[in-house]
Amino acid sequence: MKNVRLYSYWRSSASWRARIALGLKGIQPTIVPIHLVKDGGEQHSADYVALNPMAQVPLLVWDDEAGATHTLTQSLAMMAFLDRAVPEPALVPADPLLAGRAWELAEIVNSGIQPMQNTTTLQLVDSLGGDRKAHAAGAIAKGLAAMETRAATLGTDTFFFGTGPSIAEVCLVPQLYNARRFGLDPEAYPRLLAAEAACAELAAFASAHPDAQPDRPDQP
Ligand SMILES: N[C@@H](CCC(=O)N[C@@H](CS)C(=O)NCC(=O)O)C(=O)O
């Protein structure tokens, strides 16, 4: 992989996952900021939609050794790709059952929580006269409680699967940040907080944090 570019928004949790995964694999992409709010959202521009028809971030772009340019959307697809392209450190355990468990935990966040509290959904809740904060907090609390219950069965006390982070922690850390933004107290999830604390020791997590991004506003 050469000339790696990540189209990203500083506070997007899915972009954050991609940034962590790239960092864990030792890849420092050029960040291409896509502002999700300004002028109705740069993700809707014709040039961007031509690259990502879902009109979302993140978007990964790179050149291969032969000089061909490739694109990939969806943060979990990026992690699956990176695990094949750059096998170490593995983001999915080799053991089949543990691999399934890692995907299970990651999907609780990716499909069970995040779509229920992303900006598009919250705008819909607003338009229907609902309470956006209550809606988001309810979805996050339900998903994190499920994740806590499943993670507790693993018998580990820092990283879920042993010595390093998996796709599950990569999804968890940005989701806990969002939980706090929506007013939830994550103290109810001690197993998840232990995994988050282990991740906080790693440079790949620190450099991927929204506050470390080039498009972070001075006054968020
Ligand atoms: N499942 C996707 C989720 C992507 C996603 O929801 N991106 C959000 C930011 S976290 C986005 O681009 N929202 C802008 C919009 O939908 O207009 C992934 O993991 O990459």
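Computation of the quantities below employed the complete heavy-atom set of this structure, encompassing side-chain atoms and omitting hydrogens, waters and symmetry-equivalent molecules. For ligands, and for the atoms within them, numbers begin at 1 and follow the listed sequence. These figures come from a predicted structure and were not determined experimentally. One is the number of the first residue; the rest follow in order along the sequence.
The distance from ligand 1 to the heavy atoms of Asn110 drops below 4.0 Å at these ligand atoms: 1 (N), 19 (O). Residue-ligand proximity, Thr120 to ligand 1, at heavy-atom distances under 4.0 Å covers atoms 15 (C), 16 (O), 17 (O). Close approach of ligand 1 to Ser12 is summarised as follows: ligand atoms under 4.0 Å from at least one heavy atom of the residue are 9 (C), 10 (S). Distances below 4.0 Å separate heavy atoms of Arg17 from the following atoms of ligand 1: 19 (O). Set against the non-hydrogen atoms of Gln43, the atoms of ligand 1 under 4.0 Å away are 14 (C), 15 (C), 17 (O).
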Evaluate the criterion side chain to side chain donor-acceptor pair (under 3.5 Å) for residue pair Arg101 and Thr153; output intermediate values, then yes/no.
CA-CA 10 Å; Arg101 193 69 70 214; Thr153 68; 4.5 Å; no
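Heavy atoms of Ser13 approach ligand 1 to within less than 4.0 angstrom. The shortest separation from a heavy atom of Met78 to ligand 1 is not under 4.0 Å, leaving the residue out of contact.
At the shortest separation from atom 13 (N) of ligand 1 among protein heavy atoms lies Leu36 CD1, 4.0 Å. The single protein non-hydrogen atom nearest to atom 6 (O) of ligand 1 is Gln114 NE2, 3.0 Å, given as residue, atom name and distance. Nearest protein heavy-atom contact of atom 2 (C) of ligand 1 is Gln74 OE1, 3.0 Å. The protein heavy-atom contact nearest to atom 19 (O) of ligand 1 is Ser75 OG, 2.7 Å.
Residue Leu192 forms a side chain to side chain contact (heavy atoms under 4.5 Å, CB included) with just one option from Gln175, Met147, Glu169, and that option is Met147. Screening Thr69, Asp63, Asp64 for a side chain to side chain donor-acceptor pair (under 3.5 Å) involving Asn3 leaves a single residue, Asp63.
For a threshold of 3.5 Å applied to N or O pairs, the pair formed by Val57 and ligand 1 contains at least one separation below that value.
The minimum heavy-atom distance linking Tyr48 with Pro58 is given by the pair OH-C, 4.3 Å. Closest approach of Tyr9 and Ser15 over heavy atoms only: N-OG, 3.4 Å.
The residues Arg180 and Glu187 are annotated as not salt-bridged, no charged nitrogen and carboxylate oxygen being separated by less than 4.0 angstrom.
With hydrogens and angles ignored, the 3.5 Å screen pairs a side-chain donor or acceptor of Arg19 with a backbone N or O of Trp10.
Ring orientation note: the planes of Tyr177 and Trp16 are nearly perpendicular, at an angle over 60° on the 30°/60° scale.
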